[in-house]
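For this chain, numbers begin at 1 and follow the sequence in order.
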Amino acid sequence: MSTFGPVAQPPRPPSVPPPYGSYQPWEQKHNRHVLLPVLGLLALAIPALIVLGFLRSSIGTAPVLVGTTAAVLPVLLVVTTFLWVDRWEPEPSAMLLAAFLWGAGVSVLGAGLVNDTAVLLGDHILGKGGGDKIGALISAPIIEEAFKGAFVLGLAWWRRREFDGVVDGIVYAGLVAAGFAFIENILYFGRAFATDGLVGEAGGVIAVFVLRGVLSPFAHPLFTAMIGIGVGVAVRRRSPTAMVVLPLAGYLAAVLLHAMWNASAGLGLLPFVYFVIMVPLFACLVGLVVWQRRREQRVVTAQLPGFAQVGWIAPSEVPLLASLDGRKEWRAAVRARAGVRAAEAVRHYQDAVTELAFLQDRMQRGAVGLDADRWHQETLAAVLAARERAVRAPFNR
């Protein structure tokens with residue numbers, strides 16, 4: 001088993017430039033890789049804080065605290081699940097956090113303003129109570145899925161390198177929806193506490209928690225995952241038309257499911273819709289994720305021998321990089337021999353190789369475009385730099 005010690009470092013191809021960004025002034029690199037992401041995350045967090053302020057003024061401090069406490073458990077389950085799905089080719093942590101904050105802040109705030117307006121107009125046109133029906137059946141599905149899907153689609157347009165297919169689309173969509181559901185659960189749990197306590201005549205917080213936190217924590221992620229699937233399929237196609245048609249189809253599917261879910265609650269058909277439609281659909285989504293993860297493994301496995309042949313990785317590393325178990329055992333061996341920091345350096349190297357494998361696969365299918373050569377140069381440089389850091393990682397237990 002290679003732990004970098006007995007394996008000679010592959011020669012650096014002369015055509016590969018220094019690691020991307022290494023030729024920039026230190027201040028430029030620092031601002032680009034540290035300051036700008038932090039400012040971006042802070043900007044996304046502001047709408048979430050505004051929403052929490054509105055909730056506090058609406059239902060009170062104690063209900064918000066109780067609602068937040070109850071909402072933490074479901075969101076941890078959902079977020080952990082999507083991070084587990086993202087193990088083969090982990091997305092940048094900052095982008096995953098940005099997805100969650102977009103859902104919890106921008107999506108909730110924007111959709112809330114539009115939905116409130118739709119309710120007022122509905123009451124004015126249809127009479128009292130008509131606004132709630134308009135909001136639940138029309139406005140909420142259309143607007144909420146639009147705001148949630150905007151992050152996924154925007155990421156595919158402006159950060160296309162972050163998207164390698166369906167799994168990435170599902171992960172980003174799921175985290176956006178998890179953020180949205182987290183804030184929405186705070187409202188529902190807090191409102192239940194304010195009107196009925198923890199366990200009142202109507203069940204209180206416990207009853208709402210069972211419905212939203214136990215039986216349907218993946219409802220919002222399931223809806224928005226349709227958009228993620230559409231975007232994920234589109235980025236693997238060369239046709240610009242696919243980048244419009246497929247995400248739109250995913251969005252329409254998300255709106256339909258969302259509207260069906262809301263309608264079933266008002267018509268007393270929730271058990272039927274839940275067991276006959278939502279549960280089987282969720283099972284299909286799980287099956288799709290498993291299938292796509294196996295496809296990702298096949299993509300990586302197919303590219304590794306070529307990487308070893310040209311000297312980008314060592315031949316002995318091919319079987320270690322070809323499976324999650326092999327990677328885990330490799331890191332464990334390095335950790336036992338050289339410490340945590342060395343194992344972490346190996347993990348970064350493994351992730352960089354995976355990124356290069358996915359990019360190489362997309363280039364071979366012609367799904368990258370004019371940026372193919374530049375992306376390949378930068379990604380290959382990142383692999384070689386990551387390997388060098390792993391080789392030189394200090395012994396530190």
Side-chain angles (χ1 to χ4, degrees), residues 1-10 12 19 79-96 161-168 170-172 174-175 232 286 289-362 376 378-397:
M1 177 180 295
S2 168
T3 57
F4 288 114
V7 177
Q9 185 176 1
R12 184 188 299 272
V79 170
T80 300
T81 299
F82 283 110
L83 293 181
W84 178 83
V85 170
D86 193 40
R87 288 188 304 163
W88 249 115
E89 191 246 338
E91 299 303 305
S93 299
M95 296 306 302
L96 297 175
R161 287 178 66 172
E162 309 299 341
F163 256 90
D164 293 305
V166 172
V167 171
D168 288 354
I170 291 175
V171 168
Y172 279 116
L175 287 176
V286 172
V289 168
V290 172
W291 174 51
Q292 286 295 312
R293 276 166 55 90
R294 290 176 179 172
R295 183 199 64 81
E296 290 184 340
Q297 182 177 9
R298 290 195 298 269
V299 167
V300 174
T301 303
Q303 297 295 332
L304 292 176
F307 292 177
Q309 186 175 3
V310 296
W312 296 340
I313 65 175
S316 60
E317 295 168 1
V318 171
L320 300 177
L321 290 166
S323 70
L324 290 176
D325 289 339
R327 295 179 177 209
K328 184 177 179 180
E329 292 174 4
W330 185 2
R331 293 194 301 270
V334 172
R335 186 180 299 108
R337 175 184 174 183
V340 175
R341 290 179 60 185
E344 187 68 11
V346 171
R347 184 182 68 81
H348 287 303
Y349 169 63
Q350 293 172 345
D351 293 344
V353 172
T354 305
E355 186 72 27
L356 180 61
F358 279 116
L359 178 59
Q360 192 98 334
D361 176 72
R362 291 169 64 187
H376 189 268
E378 294 170 359
T379 307
L380 177 56
V383 168
L384 298 175
R387 191 176 205 283
E388 185 174 353
R389 287 192 296 270
V391 170
R392 300 181 184 278
F395 183 89
N396 182 4
R397 292 185 182 278

Taking all non-hydrogen atoms of both residues into account, name the closest pair between [X] and [Y] and its distance.
{"X": "Thr301", "Y": "Ala322", "result": "OG1-O, 3.6 Å"}
{"X": "Ala386", "Y": "Ala352", "result": "CB-CB, 4.2 Å"}
{"X": "Ala390", "Y": "Ala345", "result": "CA-CB, 3.7 Å"}
{"X": "Val383", "Y": "Trp312", "result": "CG1-O, 4.5 Å"}

Passing option when Phe307 is tested against Leu380, Val300, Val353, Val318 for side-chain contact (heavy atoms from CB on, under 4.5 Å):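 For Phe307, the side-chain contact (heavy atoms from CB on, under 4.5 Å) check succeeds only for Val353.
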Phe82 ring center within less than 6.0 Å of Tyr172 ring center: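 No.
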Should [X] and [Y] count as side-chain neighbours, where that means a heavy-atom distance under 4.5 Å?
{"X": "His376", "Y": "Leu356", "result": "yes"}
{"X": "Leu83", "Y": "Val171", "result": "no"}
{"X": "Asp168", "Y": "Glu91", "result": "yes"}
{"X": "Asp164", "Y": "Arg362", "result": "yes"}
{"X": "Arg327", "Y": "Trp88", "result": "yes"}

Distance (rounded to the nearest 0.5 Å) between [X] [atom1] and [Y] [atom2]:
{"X": "Leu304", "Y": "Gln360", "atom1": "CG", "atom2": "CD", "value": "11.0 Å"}
{"X": "Arg335", "Y": "Arg341", "atom1": "CZ", "atom2": "CZ", "value": "14.5 Å"}
{"X": "Arg387", "Y": "Leu384", "atom1": "CZ", "atom2": "CG", "value": "9.0 Å"}
{"X": "Asp361", "Y": "Glu296", "atom1": "CG", "atom2": "CD", "value": "10.5 Å"}
{"X": "Met95", "Y": "Leu175", "atom1": "CE", "atom2": "CG", "value": "11.0 Å"}
{"X": "Leu359", "Y": "Thr379", "atom1": "CG", "atom2": "OG1", "value": "4.5 Å"}

Within 45° cone and under 6.0 Å: Arg293 NZ/CZ vs Trp84 ring: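 Yes; both conditions hold, so Arg293 lies above the ring face of Trp84.
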Criterion side-chain hydrogen bond (donor to acceptor under 3.5 Å, both in side chains) on Gln297 and Arg294, from CA distance to verdict: CA-CA 5 Å; Gln297 182 177 9; Arg294 290 176 179 172; over 6 Å; no
Distance-only side-chain donor-acceptor flag, Tyr349 / Glu388, under 3.5 Å: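 Note: Tyr349 and Glu388 side chains miss the donor-acceptor criterion.
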Gln350 versus Arg347, side-chain donor and acceptor atoms under 3.5 Å: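 Short answer, no.
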Cationic N near anionic O, under 4.0 Å, Arg389 to Glu344: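 No, Arg389 and Glu344 are not salt-bridged.
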Stepwise side chain to side chain contact (heavy atoms under 4.5 Å, CB included) check, Leu96 with Asp86: CA-CA 10 Å; Leu96 297 175; Asp86 193 40; 4.0 Å; yes
